[in-house]
2 protein chains.
Amino acid sequence: MKILCNKTDLAQGVNTVLKAVPGKTTMPILECILIDTTEGEIKLTANDMELGIETVIDGQVLEKGKIALEAKLFSEIVRKLPDNEVSIETDENDKAFIQCEKAKFNISGRSGEDFAYLPQIEKSRNVSLSQFSLKEIIRQTIFSIADNDSNKLMTGELFEINGSELKVVSLDGHRISIRKIELKEEYDPIKVVVPGKTLNEVSKILTGGTEDYVNLFFTDRHILFEFDKTLVVSRLIEGEYFRINQMLSSDYETKITINKKELQNCIERASLLIREGEKKPIIINITDGALELKINSVIGSMNEDIDISKEGKDIMIGFNPKFILDALRVIDDEAIDIYLVNPKAPCFIRNEDQSYIYLILPVNFNVGG
Amino acid sequence: MKILCNKTDLAQGVNTVLKAVPGKTTMPILECILIDTTEGEIKLTANDMELGIETVIDGQVLEKGKIALEAKLFSEIVRKLPDNEVSIETDENDKAFIQCEKAKFNISGRSGEDFAYLPQIEKSRNVSLSQFSLKEIIRQTIFSIADNDSNKLMTGELFEINGSELKVVSLDGHRISIRKIELKEEYDPIKVVVPGKTLNEVSKILTGGTEDYVNLFFTDRHILFEFDKTLVVSRLIEGEYFRINQMLSSDYETKITINKKELQNCIERASLLIREGEKKPIIINITDGALELKINSVIGSMNEDIDISKEGKDIMIGFNPKFILDALRVIDDEAIDIYLVNPKAPCFIRNEDQSYIYLILPVNFNVGG
């Protein structure tokens, strides 16, 4: 194999597929990036068997062939090369010779034949949205997936399409995050659970432009993201997702409207009095016109009033401050509405058209402190 | 005690003295910042017994007194307060009440009486230089102190003043870094060894302006840095520093002039082939007009030619690439001169007026690889 390409293109392509290289594996071939030019273009691939990424870069194929190169080393070499034309040439022993200006590297590769290709995805059920929208909707929900594997479905996000609506849901047993966006077209219903890891990695390589589109394709077992010259294929998480609709009652006893930034700053201050690992709730006391936030820990105490407008009953309720903060940090509205029922029932942060709903379970607290 | 001050001033003052708060200690009082207003101004102090920092901030003293507050918690609270006026009030039980806008914190402090004051330094032997110069000369030498305590003197830097010249030296057994600057005045001779930790922390709080000055005062056991409204006092390292002059022969067999950035980039690329913890030299082969850099490791091999101008003999010599890189990274010259004697003797990177001298010991290598 022999190729010529630009250092910048190569570095960008390598960086894209690098997201699918596993940190640790017992199969050394998975730690590699495949360079495959057998079809006359320069295709880079990485694949950890759950998640695979493939991207095509500009350049000249002088001799067709393929080789698998250790991803970390190869990416570091590419990054440190001068900004100029790079040539990569391999021999029959899978040695790679990389040259750029006067810098010449010889490294050992592995046979490209040993590399596991991405599964072929039938491109029938296609959904299109902007890279910006996809990146945003992931950011606005990904924080409430569970990070352990005790319930596999909780480590992923529900992607549900009905007509022209895409709904994304994540939950971890203490809270539920729901975001909805309008798509430009109507689609047949789809309901799949995508691994959180896949969404995190896809997020990082999406450029995020509002004019750049990404096509999603679904099969029973896989999701394919197609954008720019890149394909990301991931297994889906199998099983039936949680029925959340019964938890989303819109009855409430108290509704408040509050400045989001003020509440966020105030909870961040209160969190300073909680030692790491300590489970100390913040206590929110809502009366006419004011929300008083209090915390009383072994470190000290803190309280602060925030002006609000309120409908309904007074209420005193306790929360894990992290759960409220996580939701507030991904809401862009200046003022938000919070709906409460009683100190044992979940509270809802949601907007009028319910394009976002954040359900958070309260925690018990001692009135004394 | 009761004070009023601006959040920004307070945060900056706290951040300054925080550099002298030890990470771990068995004496909880050392983990505190002292607020002392007994002299009518707001003075913040931290002191780990080796290094102490004191700074005065603007503000009003409404009631004189003092209190010691846990540094980490206090600094985090201050940082998260709204940008407005802060009031700090203490009671007879050393409780502190911190208020800013509607945020109110109650935290427990410790009696200011238990706090160890900085040693009084007689301000007789004074040296003045710009903050910029001090910060630069530290940055340009600090990397070659030794980080373990097997020889205490190697963990500090020699500060030597002769007439109007300040010379700073650090060494770790493999290399020596020397920087000299001209001071604006003549001074009596001074020769002290300042702990590396002190210099690192001082560097961080110097604003680094060329018009902002710092005064250094010396006693037999301490150095005092005085700048802005801040005092930094540090113990000196006792003992006689190494005699380095006998190592600084200016004889050489080979002199080369090379583009610094090209050499640096090339060595950075070569370093990619060295696994962490592996001691693999780079081999430099100098002939007329060219320097060839080679490395041959278990990972692969690399070589690169760089154009040079050369006087004297051809030479092939091996180096630990890190030692060369550390020196190159702090040299601002576009082209540098390197002086060599033989493959067993140290090489010197130095400029004509010897305002910098970097001595680096070579390492053995096998010609074959």
Side-chain angles (χ1 to χ4, degrees), chain A residues 7 69-70 72-84 86 94-109 259 261-276 290-307 325 369, chain B residues 7 69-70 72-84 86 94-109 259 261-276 290-307 325 369:
Chain A
K7 179 244 163 125
L69 296 174
E70 205 272 296
K72 190 159 170 287
L73 175 66
F74 180 53
S75 71
E76 284 175 351
I77 289 176
V78 170
R79 198 179 318 139
K80 290 280 187 187
L81 289 176
D83 273 335
N84 213 323
V86 180
D94 296 313
K95 298 263 178 211
F97 177 67
I98 304 168
Q99 182 165 10
C100 183
E101 291 181 2
K102 289 180 180 169
K104 300 175 197 129
F105 282 90
N106 275 293
I107 58 173
S108 294
N259 179 295
K261 196 70 197 157
E262 276 185 42
L263 179 59
Q264 184 180 332
N265 290 343
C266 172
I267 299 177
E268 283 174 351
R269 282 191 278 275
S271 302
L272 298 177
L273 298 183
I274 305 172
R275 292 221 180 99
E276 227 180 283
L291 174 153
E292 185 197 16
L293 192 143
K294 291 190 290 190
I295 185 159
N296 202 339
S297 78
V298 289
I299 300 179
S301 65
M302 179 265 187
N303 74 78
E304 185 165 350
D305 287 345
I306 303 174
D307 295 338
L325 279 180
Chain B
K7 179 242 161 125
L69 296 174
E70 206 272 295
K72 190 160 171 288
L73 176 65
F74 181 53
S75 71
E76 282 175 353
I77 289 176
V78 170
R79 197 179 319 140
K80 290 279 188 189
L81 289 176
D83 273 334
N84 213 325
V86 181
D94 297 312
K95 298 262 178 211
F97 178 67
I98 304 168
Q99 183 166 8
C100 183
E101 291 181 2
K102 287 179 179 171
K104 301 176 195 126
F105 282 90
N106 275 293
I107 58 173
S108 295
N259 179 294
K261 195 70 196 156
E262 276 186 42
L263 180 60
Q264 184 179 334
N265 289 344
C266 172
I267 299 176
E268 282 174 353
R269 282 191 279 275
S271 303
L272 298 176
L273 297 183
I274 305 172
R275 291 222 181 97
E276 229 181 281
L291 176 153
E292 185 196 14
L293 192 145
K294 289 190 293 189
I295 185 161
N296 202 338
S297 78
V298 289
I299 300 178
S301 65
M302 179 266 189
N303 72 78
E304 186 166 350
D305 286 344
I306 304 174
D307 295 337
L325 279 180

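First the proteins, then the strands, lettered A, B, ... as listed; each starts at 1. Everything quoted here is computed from the prediction, not taken from an experiment. All values below were derived from every heavy atom in this structure, side-chain atoms included, with hydrogens, water molecules and symmetry-related copies excluded.
A distance of 9.5 Å separates CZ of F105(B) from CG of N303(A), quoted to the nearest 0.5 Å. Distance check: Q99(A) CD to E304(B) CD gives 10.0 Å after rounding to the nearest 0.5 Å. Here the straight-line distance linking atom CG of N296(A) with atom CG of N106(B) works out to 9.0 Å at 0.5 Å rounding. To the nearest 0.5 Å, atoms NZ (K80(A)) and CG (L272(B)) are separated by 6.5 Å.
I299(A) touches chain B through backbone and side chain together, each having a heavy atom under 4.5 Å away. Residue contact with chain B, scored on non-hydrogen atoms closer than 4.5 Å, involves the backbone and the side chain of L81(A) alike. The contact between L73(B) and chain A is made entirely by side chain atoms (from C-beta outward), counting heavy-atom distances below 4.5 Å.
More than 12 heavy atoms of other shown residues, nucleotides or ligands fall within 6.0 angstrom of atom NZ in K7(B).
Here E101(B) pairs with nothing under the salt bridge (charged side-chain N to carboxylate O under 4.0 Å, His left out) rule; sequence neighbours left out. In this structure K102(A) satisfies the side chain to side chain donor-acceptor pair (under 3.5 Å) test together with D307(B), sequence neighbours excluded.
The most heavy-atom pairs under 4.5 Å with chain B, out of C266(A), S301(A), A270(A), come from S301(A). When the candidates R269(B), M302(B), E268(B) are compared by the number of heavy-atom contacts under 4.5 Å with chain A, R269(B) comes out ahead.
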